[in-house]
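Basis for what follows: all heavy atoms, side chains included, without hydrogens, waters or symmetry-related copies.
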There are 2 protein chains.
Amino acid sequence: MTFERDNIRRMAAYQWGEQPGSEEVLKLNTNENPYPPSPAVQDALNAFSVERLRRYPPPTADRLRERLAELHEISRDNVVVTNGGDEGLRLAMTTFVEPGSAFGMLEPSYSLYPVLAAIQGARVVRAPLDDTWDLPRDFAHEMNEAGANLTCVVNPHAPSGTLLDPERIGRLASDLHGVLLVDEAYVDFVDPALRHDLVRMVDAFDNLLLLRTFSKGYSLAGLRLGYLLGSRNLIAPIVTKTRDSYNVDLISQILGEAALADRAYAEETWQQVRSARRVLRDRLLELGFSVDISQTNFLLAEVALDAPRTAEQIYEALKEEGILVRYFHDPLLEDKLRITVGTDAQNTRLTNALARILGRLT
Amino acid sequence: MTFERDNIRRMAAYQWGEQPGSEEVLKLNTNENPYPPSPAVQDALNAFSVERLRRYPPPTADRLRERLAELHEISRDNVVVTNGGDEGLRLAMTTFVEPGSAFGMLEPSYSLYPVLAAIQGARVVRAPLDDTWDLPRDFAHEMNEAGANLTCVVNPHAPSGTLLDPERIGRLASDLHGVLLVDEAYVDFVDPALRHDLVRMVDAFDNLLLLRTFSKGYSLAGLRLGYLLGSRNLIAPIVTKTRDSYNVDLISQILGEAALADRAYAEETWQQVRSARRVLRDRLLELGFSVDISQTNFLLAEVALDAPRTAEQIYEALKEEGILVRYFHDPLLEDKLRITVGTDAQNTRLTNALARILGRLT
């Protein structure tokens with residue numbers, strides 16, 4: 001007998017990126033940082049006595065919230081810490097989207113969004129990005145007409161890596177009647193010369209939520225730590241009502257503080273990723289792929305029409321060589337591969353394999 | 001402007017037990033185990049390299065699931081690991097309770113249940129326990145009439161500490177049309193002579209979910225680790241659909257395995273708590289409280305009608321002395337205090353304070 005709700009029975013599950021057991025596999029499929037976390041994180045772990053786990057953790061992770069508030073020069077009341085960025089997305093859905101109502105998103109985008117909407121029993125309203133991965137002209141109007149009380153935009157965008165500037169985001173927040181969640185999972189990898197910063201806009205727009213994660217920038221995907229930034233009216237119901245009371249464990253809170261205290265280390269990894277990204281993109285262009293400039297730690301490589309292999313065939317051939325990249329069964333993406341930027345050595349292993357697969361001499 | 005859903009705006013937030021910053025305070029208010037976790041947990045932490053946090057954790061915590069399946073002599077498919085027991089409760093609500101439909105519970109019981117129901121937009125149907133904390137005779141019928149697709153029962157019961165035997169639970173599961181979740185947060189403290197075990201019933205009842213936690217029995221409240229046991233039809237939609245994809249971080253998975261590997265240590269703490277529970281109950285009876293026999297790590301002490309102080313006054317007076325117990329603003333509980341069983345020394349500090357407050361010589 002089945003007992004789950006009808007929408008749960010009908011919905012398709014989220015497909016997470018493959019997680020090979022072997023350390024031999026080169027994993028360029030889930031956008032992890034190729035560098036380990038800061039040594040300060042190991043030091044904090046080494047200093048931790050498990051006796052402290054006997055008690056419940058600080059329910060709202062206030063010390064970590066304080067550190068994040070200092071970093072972003074906002075108030076603690078503008079921050080809620082979550083069990084990974086995914087929990088932030090789920091909580092936005094739980095808090096702002098009425099079952100049966102509309103949830104807005106761009107297409108393509110993070111494949112978890114429609115899954116979370118299905119769980120909440122919300123109707124997904126999708127607007128296609130244009131050829132240059134830019135917003136459709138009437139996006140806000142379309143979302144408002146549909147009655148979307150929450151619209152999610154990944155920025156920098158996944159899977160293309162492109163960036164909308166603060167002015168565009170501000171206009172969108174101002175035009176939308178509901179909440180705009182900007183998923184900034186990859187924002188740490190944006191070129192600093194762009195001086196891209198949406199946090200200053202949190203005061204100006206009472207419907208703007210920003211999602212951040214320690215998974216990519218701080219190399220802590222295994223720790224499950226993220227946070228939302230927004231005005232008090234958005235953050236308060238999440239902190240006090242919809243969040244599980246003890247949603248973030250004590251060790252994650254403490255290691256998160258340690259990672260922030262040595263942010264300079266993380267910044268250095270971002271710089272290395274940016275520099276490797278440039279080299280990898282050039283090499284992929286040489287191999288005949290079309291690749292947009294990316295502000296993230298991945299590149300979306302489009303296979304040329306006259307290439308000897310399809311994207312899916314290349315994905316399979318790489319996998320046989322022990323290299324995982326991401327291929328999406330999606331009409332908009334079926335001629336593309338999303339490739340995480342690794343270290344220079346990893347990227348060379350990838351491009352050498354691609355050259356062999358495509359029959360080009362390296 | 002407010003953007004949250006109407007039910008979120010209207011609902012009352014969960015009130016977590018006080019978490020004093022000071023280590024001086026004797027915390028007998030949130031039912032933590034008074035003993036630290038096993039040294040094996042510290043060893044596992046010391047051996048952990050944070051480099052492993054760079055990658056996402058195993059999404060379904062399969063190694064830990066395997067260990068739990070072995071412990072309970074069931075299949076891995078009957079287990080889902082959660083971010084604390086609270087997540088298990090929330091996931092049951094998300095998976096089985098349609099917004100607008102009924103959720104069933106006993107009164108009094110865990111105060112988080114109605115909060116989770118309110119978030120889900122479900123109607124709470126409450127049935128009062130009788131004078132002996134036993135189920136009302138027509139409980140299943142009442143829940144079925146209300147259309148409850150999920151009913152939660154804490155067993156051993158909180159806040160009374162009393163236990164329903166497997167036969168009673170089996171009859172209830174058999175009579176209910178929807179899912180029965182038995183919240184076994186305190187089951188590790190049940191007298192082993194009773195040979196109480198509901199896990200064997202998971203095969204017999206396809207509507208029975210059991211909730212377990214590492215918080216109390218394994219002294220790991222700060223780690224946020226729990227699990228649900230049930231038949232595949234109940235567990236599968238939670239594992240594959242409603243759970244956040246990476247709901248349990250890697251360190252928690254590994255420390256959970258370590259705690260299970262040294263379960264003998266935890267069992268010894270349970271034995272010490274049981275023995276301290278007996279002594280504490282006797283002492284509370286001597287002080288004039290009425291106290292039921294408890295199968296948990298807490299006692300519910302009822303203040304005598306002719307006592308010189310009300311329960312709330314005693315709670316306040318204890319707090320002034322740096323001792324926290326739990327007082328509930330609830331008509332059924334306003335003459336009672338829920339007191340976590342501590343070490344013998346902690347319990348003596350408590351009863352000495354109570355004797356002073358009640359004006360009795362110790």
Original post:
Between A/G222 and B/D249, which heavy-atom pair has the shortest distance, and what is it?
Top reply: O-CB, 3.3 Å
Subject >> Proximity breakdown for B/D206 and chain A, heavy-atom pairs closer than 4.5 Å >> reply: both
Subject >> By side-chain contact (heavy atoms from CB on, under 4.5 Å) - contacts of B/D203 (at least two apart) >> reply: none
**OP:** Kindly state each residue pair satisfying ring pair (Phe, Tyr, Trp, His ring centres under 6.0 Å) with at least one member in residues 37-56 of chain B, sequence neighbours excluded.
**Re:** B/Y56-B/Y246
Original post:
Sequence neighbours excluded, which residues qualify as side-chain contact (heavy atoms from CB on, under 4.5 Å) partners of A/A118?
Top reply: A/M11
**OP:** Identify the two heavy atoms, one from A/R54 and one from B/E32, that lie closest to each other, and give their separation to 0.1 Å.
**Re:** O-CG, 3.3 Å
Original post:
Side chain, backbone, both or neither: which part of B/L223 has a heavy atom under 4.5 Å from chain A?
Top reply: both
Original post:
Is it the backbone or the side chain of A/R232 that comes under 4.5 Å from a heavy atom of chain B, or both, or neither?
Top reply: neither
**OP:** Decide yes or no for B/S245 and A/D86: does some side-chain heavy atom of the first lie under 4.5 Å from some side-chain heavy atom of the second?
**Re:** yes
Original post:
Is the closest side-chain heavy-atom distance between B/R9 and A/P237 below 4.5 Å?
Top reply: no
**OP:** Let me know if B/L255 has heavy atoms under 4.5 Å from chain A in its side chain, its backbone, both or neither.
**Re:** side chain
**OP:** Name the region of A/L220, side chain, backbone, both or neither, that has any atom closer than 4.5 Å to a heavy atom of chain B.
**Re:** both
Original post:
So, do A/I8 and B/T242 sit near enough that their side-chain heavy atoms are less than 4.5 Å apart?
Top reply: yes
Subject >> Atom group of A/S252 that falls short of 4.5 Å from chain B, counting heavy atoms >> reply: side chain
Original post:
Given a strict heavy-atom distance threshold of 4.5 Å, which part of A/T60 is in contact with chain B: side chain, backbone, both, or neither?
Top reply: side chain
Original post:
For A/Q120, is it the side chain, the backbone, both or neither that has a heavy atom under 4.5 Å from a heavy atom of chain B?
Top reply: side chain
**OP:** Report yes if some heavy atom in the side chain of B/P36 is under 4.5 Å from a heavy atom in the side chain of A/V50; otherwise report no.
**Re:** no
**OP:** Side chain from CB out, backbone as N, CA, C, O: work out which of these in A/N207 comes under 4.5 Å of a heavy atom of chain B, or both, or neither.
**Re:** both
Original post:
Does the side chain of A/I251 come within less than 4.5 Å of B/L45's, by heavy atoms?
Top reply: yes
Original post:
Applying a criterion of heavy atom separation less than 4.5 Å, what residues of residues 89-99 of chain B form contacts with chain A?
Top reply: B/R90, B/T94, B/T95, B/F96, B/V97, B/E98, B/P99
Subject >> Side chain / backbone / both / neither for B/N233 at chain A, heavy atoms under 4.5 Å >> reply: both
